[in-house]
Amino acid sequence: MRHLLDILDFSTEELDELIAKACDIIENPDKYAEKCRRKKLATLFFEPSTRTRLSFEAAMYELGGNVIGFSEGRSSSASKGESVSDTIKVVSNYADIIAMRHPKEGAPMVASMVSSIPIINAGDGGHNHPTQTLADLLTIYREKGRFSDLTVGLCGDLKFGRTVHSLINALSRYSGIKFVLISPEELRLPDYVTNNVLIKNSIPYEETTDLLEAMPKLDILYMTRVQRERFFNEQDYIRLKDSYILTPDKLDNAKADLCIMHPLPRVNEISVAVDNDPRACYFKQVLNGKYMRMALILKLLEVE
Ligand code: NCD
């Protein structure tokens with residue numbers, strides 16, 4: 001039995017297979033409409049979500065399956081003090097596969113140790129978010145046609161932004177990748193990612209606070225929200241929240257084929273005026289996420 005806790009749980013060949021499967025689903029949705037008949041997905045969300053939870057649910061329905069679950073810890077027995085392990089042991093009796101999101105780093109790992117069904121990490125604290133990375137990879141593939149030889153700018157809250165950590169891990173396995181890490185000092189990429197991923201694999205990267213200066217070299221600009229819920233004090237959040245606001249004029253020196261991404265939700269970091277720019281890909285990312293989650297569910301349930 002396989003789980004998806006970290007994007008590195010899948011080889012690059014397996015990621016290629018998932019992308020090929022997602023593309024086939026896009027072309028031939030009817031072929032997949034009954035693939036998960038009588039199967040149940042449990043969505044256990046101990047933390048808020050719009051896209052991730054609803055796209056998992058939509059994915060399972062489009063595969064002909066059913067969904068059970070909860071959308072906040074408060075409405076589950078976690079509020080009575082039940083442990084993650086006990087919740088998972090219970091839900092393993094009701095469902096065939098679990099997608100869970102939890103504010104604590106490592107919670108899905110704990111879940112996988114006691115689960116009799118596949119566990120998908122739908123975000124654990126400020127750590128990882130591998131299924132967002134699946135959405136990001138399909139977007140890059142459809143927009144750029146490759147994962148190699150790209151200069152990727154990551155901008156915003158690189159410290160707490162779990163989507164960034166998973167994306168760096170994923171892209172670090174391809175050749176010719178360069179990262180430009182754009183953040184305020186206080187929100188720099190954590191040392192464990194810089195050391196264990198970038199330095200260890202000799203991936204070229206630069207750190208800067210200046211988005212405008214970085215802009216002309218980028219093939220991809222991945223904007224992120226400042227993660228308010230992970231701050232220890234509100235003053236720091238207020239001081240840092242508007243560090244970067246992408247507006248149309250800031251794109252004047254950008255490449256004509258720049259791909260602008262954002263995992264969403266957006267707060268202020270991309271002005272709505274950018275949405276009309278053909279380089280804005282963040283709403284395409286949302287749809288790609290559903291197709292990749294369909295492909296993922298099929299893979300983990302070993303449905304042919
Ligand atoms: C992201 C997350 O939950 O980490 N959202 C998402 O799943 N698309 C990004 C965020 O909350 O900022």
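One-based numbering, in listed order, for ligands and for the atoms of each. Every heavy atom of this structure was used, including side-chain atoms; hydrogens, water molecules and symmetry mates were not.
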In ligand 1, which numbered atoms sit nearer than 4.0 Å to a non-hydrogen atom of [X]?
| X | value |
| --- | --- |
| Arg225 | 10 (C), 11 (O), 12 (O) |
| Arg101 | 3 (O), 7 (O) |
| Thr52 | 6 (C), 7 (O) |

Distance-only N or O hit between ligand 1 and [X], under 3.5 Å:
| X | answer |
| --- | --- |
| Pro265 | no |
| Glu229 | no |
| Thr163 | no |

Kindly determine whether Asp219 and Lys255 satisfy salt bridge (Lys or Arg N to Asp or Glu O under 4.0 Å), including the steps that lead there. CA-CA 7 Å; Asp219 298 304; Lys255 289 190 182 173; 2.9 Å; yes
Validation row: Asn128, Ile7 side chains within 4.5 angstrom (heavy atoms): no
If the plane angle is over 60° it's perpendicular, under 30° parallel, otherwise tilted; pick one for Tyr237 and Phe231. perpendicular
Check the angle between the aromatic planes of Tyr141 and Phe147 and answer parallel, tilted or perpendicular using the 30° and 60° thresholds. tilted
Which protein heavy atom lies closest to atom 6 (C) of ligand 1, and at what distance to 0.1 Å? Leu264 O, 3.4 Å
Atom 3 (O) of ligand 1 [closest protein heavy-atom partner, distance rounded to 0.1 Å]: Arg162 NH2, 2.8 Å
Over 12 foreign heavy atoms within 6.0 Å of CD, Glu302: no
For the NZ atom on Lys178, are there more than 12 heavy atoms of other groups (residues, nucleotides or ligands in this structure) within a distance under 6.0 Å? no
For ligand 1, which part of Thr224 has a heavy atom less than 4.0 Å away: the side chain, the backbone, both, or neither? neither
Nearest option to atom 12 (O) of ligand 1, as decided by whichever heavy atom of Gln227, Met223, Gln285, Glu269 sits closest: Gln227
Tell me whether the NZ or CZ atom of Arg101 lies within the 45° cone about the ring axis of Phe45 and under 6.0 Å from its centre. no
